[in-house]
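Model, not experiment: these values are computed from the prediction.
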Amino acid sequence: MNSISRREFLRMAAALAASMGWPTTALARIAEGLESLAAGRAPVVWLHGQACSGCSVSFLNTTYPDAARVLTQYISLAYHTVVSAATGDTALQVLDRRMAAGDYVLVVEGAVPQGMPRACLTGGREFVDLLTRAARGATSVVAVGTCAAFGGIPAAPPNPTGAMSVSRVLSDAGVSTPLINLPGCPAHPDWLVGTLVHLMKFGQPALNAQGCPQLFYGSVIHTRCPRFYSYEMGHFARFFGDDGCLFKLGCLGIRTHADCPTRHWNSKVNWCVGAGAPCIGCARPEFAHQREFPFYRIREQSEQGK
């Protein structure tokens with residue numbers, strides 16, 4: 001039985017609203033969404049494809065509310081290859097029963113090895129078959145992380161497994177279940193928790209051209225970067241640790257849509273540029289897909305030797 005008080009629900013709703021940038025007028029509905037999650041009315045099936053499980057680890061770092069509360073009180077996590085208490089045949093039986101019942105949110109982590117189906121198996125089952133079956137019974141599909149959303153590192157050249165994004169595989173299979181992309185390597189936990197709450201009480205969020213929620217991916221990192229003024233003034237860092245804009249060290253914030261500058265990571269402690277590292281554009285559809293496009297540059301070619 002859930003022992004969370006109404007006051008605690010409202011406190012959690014306020015924290016979540018603040019982290020999402022939602023108005024205080026939405027607090028009551030957010031609290032209702034959390035209550036719906038806590039009542040087990042939001043069963044979640046989480047499938048893994050080709051990935052490092054980084055998005056699962058990132059999700060476990062959620063703070064508003066924390067991971068233990070999300071997993072035990074806010075969502076009914078029917079299946080997850082890492083977090084599920086059940087293992088082996090028992091876990092697969094739980095998964096089968098949940099898919100047969102339908103009416104769940106499908107979270108997918110990792111790319112789909114379409115060109116080498118047996119490169120990714122779950123209980124001896126090819127991931128592509130499991131994915132399409134699960135997606136047909138879901139109310140929504142959430143592709144969490146850049147691997148699931150756009151192919152990511154598994155789809156990087158030469159892509160020996162023929163890795164593809166979840167959206168492309170489902171489209172080719174004729175699956176029309178609404179899909180939301182949450183790119184990032186890894187995806188921020190707020191993006192996933194916020195999306196689940198939005199689905200519960202507000203429905204499908206407004207999406208951009210890449211299928212990502214405008215709530216989190218509505219602007220480029222560059223415009224909110226604290227080093228934006230340096231860019232405008234033409235003051236660029238030449239070496240790591242220098243003051244100035246990191247554009248000439250390979251920063252891709254100018255081409256990447258995400259709210260990292262205002263949301264921050266690791267319990268709101270810091271983010272890539274705040275730590276002195278260029279943004280590598282991990283939320284971009286093209287992330288890791290161009291062999292000649294490195295994550296970092298030492299200096300601009302014209303400055304070599306100076």
Side-chain angles (χ1 to χ4, degrees), residues 12-13 15-23 26-27 29-38 40-48 51 54-67 69-71 73-78 80 83 103-110 134-135 138-150 152 165-167 170 177-219 257-260 262-265 282-283 285:
M12 286 293 181
L16 184 61
S19 69
M20 298 299 120
W22 288 334
L27 284 182
R29 295 184 69 186
I30 295 170
E32 291 171 3
L34 289 174
E35 288 177 317
S36 296
L37 294 175
R41 294 197 292 271
V44 174
V45 171
W46 189 309
L47 297 181
H48 279 77
C55 289
S56 289
V57 173
S58 179
F59 171 64
L60 293 175
N61 286 326
T62 184
T63 54
Y64 301 109
D66 60 71
R69 184 159 289 168
V70 170
L71 292 172
Q73 297 173 333
Y74 288 135
I75 67 174
S76 174
L77 187 61
H80 188 294
V83 179
D103 195 27
Y104 52 83
V105 175
L106 175 63
V107 176
V108 185
E109 178 179 359
T139 56
S140 298
V141 178
V142 179
V144 61
T146 303
C147 296
F150 305 128
S165 67
V166 171
S167 60
L170 294 184
T177 305
L179 183 140
I180 301 170
N181 286 323
L182 298 179
C185 191
H188 197 290
D190 285 359
W191 300 340
L192 179 56
V193 174
T195 296
L196 291 176
V197 171
H198 203 291
L199 287 171
M200 285 299 301
K201 293 308 297 180
F202 303 97
Q204 189 87 348
L207 306 177
N208 64 18
Q210 287 73 45
C212 311
Q214 290 279 16
L215 180 64
F216 310 121
Y217 304 90
S219 61
H257 289 75
D259 61 4
C260 302
T262 54
R263 187 164 303 282
H264 291 187
W265 292 73
C282 71

Is any side-chain heavy atom of Glu109 closer than 4.5 Å to one of Phe59? no
Flag the pair Pro186 / Trp265 as yes when at least one side-chain heavy-atom distance between them is below 4.5 Å, and no otherwise. yes
Test Phe216 against His188 for side chain to side chain contact (heavy atoms under 4.5 Å, CB included), laying out the working first. CA-CA 10 Å; Phe216 310 121; His188 197 290; over 6 Å; no
In this structure, CZ of Phe150 is separated from SG of Cys282 (nearest 0.5 Å) by 11.0 Å
CD1-OG distance between Ile180 and Ser140, expressed to the nearest 0.5 angstrom: 5.5 Å
With side chains defined as the heavy atoms from C-beta onward, is the minimum distance between Leu207 and Gln214 less than 4.5 Å? no
Is Leu47 close to Val45 at the side-chain level, that is, under 4.5 Å between some pair of heavy atoms? yes
Can you tell me how the ring of His80 sits relative to the ring of His48, calling it parallel under 30°, perpendicular over 60° and tilted otherwise? perpendicular
Got a second to check how far Thr146's OG1 is from Asn181's CG, nearest 0.5 Å? 9.5 Å
Taking Trp46 as the fixed residue, which of Val107, Val142, Val108 is the one that meets the side chain to side chain contact (heavy atoms under 4.5 Å, CB included) rule? Val107
So, do Tyr217 and Pro183 sit near enough that their side-chain heavy atoms are less than 4.5 Å apart? yes
Between Cys55 and Gly184, what is the shortest heavy-atom contact and its length? SG-O, 4.3 Å
Whether the side chain of Asp259 engages the backbone of Arg263 through a donor-acceptor N/O pair (distance < 3.5 Å, no angle test) should be reported. no
May I ask you to test the Val166-Val141 pair for a side-chain heavy-atom distance under 4.5 Å? yes
Do Pro205 and Leu199 have side chains that get closer than 4.5 Å, going by heavy atoms? yes
Distance from Leu182 atom CG to Thr195 atom OG1, nearest 0.5 Å? 4.5 Å
